[in-house]
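Below is one structure, written out as structure tokens; comments come after it.
The chain is numbered in sequence order, starting from 1. Values below: all heavy atoms of this structure, side chains included; hydrogens, waters and symmetry mates excluded. Remember, predicted model here, so these are calculated numbers, not experimental data.
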Amino acid sequence: MNLKPLGDRVILKQDEAEVTTASGLFLASDAKEKPQTGTIIAVGEGKMDKDGKLIPVPVKVGDKVIYGKFGGTEIALDGENVLILRADDIYAVVE
């Protein structure tokens, strides 16, 4: 399935949750916290400002980003969970 996000939305693949702590302890699957980083796999065209000018989304496919903990909607895409969220929920691009 191929999805094209609308407006200022992006689709990203979340990074995997850590399976060990910094001290080396293994975490049970229900104790793992979801990561707040991921890689952009699709980008919408942007949104219109009050004057009708298109404001493009400030990220591109392939960017690794940090996003808000409770932002977005999780869906299954080709057997893999992805996240759809607004560009405003993205806090930073990791370089």
Side-chain angles (χ1 to χ4, degrees):
M1 180 181 346
N2 192 9
L3 293 178
K4 172 72 175 157
L6 300 175
D8 66 337
R9 289 178 177 79
V10 300
I11 301 174
L12 63 82
K13 181 176 184 268
Q14 293 175 293
D15 289 343
E16 295 294 320
E18 295 292 324
V19 293
T20 60
T21 64
S23 60
L25 298 174
F26 287 94
L27 298 172
S29 61
D30 57 346
K32 295 179 205 170
E33 189 166 327
K34 289 189 177 188
Q36 291 173 258
T37 58
T39 303
I40 303 290
I41 59 173
V43 178
E45 68 278 356
K47 66 179 176 181
M48 297 289 190
D49 68 9
K50 64 181 179 179
D51 299 320
K53 182 180 174 189
L54 183 67
I55 302 170
V57 178
V59 294
K60 62 186 180 307
V61 172
D63 281 350
K64 184 171 178 90
V65 297
I66 299 171
Y67 57 90
K69 187 171 191 168
F70 301 108
T73 302
E74 251 186 71
I75 64 164
L77 177 65
D78 295 332
E80 190 170 35
N81 286 339
V82 296
L83 191 66
I84 300 175
L85 67 155
R86 291 188 175 276
D88 289 345
D89 292 330
I90 296 173
Y91 298 150
V93 175
V94 179
E95 295 183 349

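Salt-bridge formation is not detected for the pair R86/D89: no Lys NZ or Arg NE/NH1/NH2 atom is positioned less than 4.0 Å from an Asp or Glu carboxylate oxygen.
By the rule that hydrophobic residues join a cluster once side-chain heavy atoms approach within less than 4.5 Å of another member, V93 and Y67 end up as members of one cluster. I66 is not connected to I40 by any chain of hydrophobic side-chain contacts under 4.5 Å among Ile, Leu, Val, Met, Phe, Trp and Tyr, and they are in different clusters. In the hydrophobic cluster analysis, where Ile, Leu, Val, Met, Phe, Trp and Tyr join through side-chain heavy atoms closer than 4.5 angstrom, I55 is grouped apart from V59.
The line from OG1 of T73 to CZ of R9 is 8.5 Å long, rounded to the nearest 0.5 Å. How far OG1 of T39 is from CG of D63: 9.0 Å, rounded to the nearest 0.5 Å. One finds the CD atom of E45 at 7.0 Å from the CG atom of L54 (value rounded to the nearest 0.5 Å). I84 contributes atom CD1, which lies 10.5 Å from atom CD of E74 (distance to the nearest 0.5 angstrom).
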* **side-chain contact (heavy atoms from CB on, under 4.5 Å) between V61 and V43, worked out** => CA-CA 7 Å; V61 172; V43 178; 4.2 Å; yes
* To do: Could you check V10 against V57 for side-chain contact (heavy atoms from CB on, under 4.5 Å), going step by step and ending with a plain yes or no?
  => CA-CA 8 Å; V10 300; V57 178; 3.8 Å; yes
* To do: Would you sort out whether K53 and M48 count as a side-chain contact (heavy atoms from CB on, under 4.5 Å), showing the intermediate values?
  => CA-CA 5 Å; K53 182 180 174 189; M48 297 289 190; over 6 Å; no
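In this structure, the side chains of I11 and P5 come closer than 4.5 Å at one or more pairs of heavy atoms. Between I75 and V82, the closest side-chain pair of non-hydrogen atoms falls below 4.5 Å. Using a 4.5 Å heavy-atom threshold, the side chains of V65 and L12 count as touching.
Crowding of K64 atom NZ: a count of heavy atoms from other residues, nucleotides or ligands under 6.0 Å exceeding 12.
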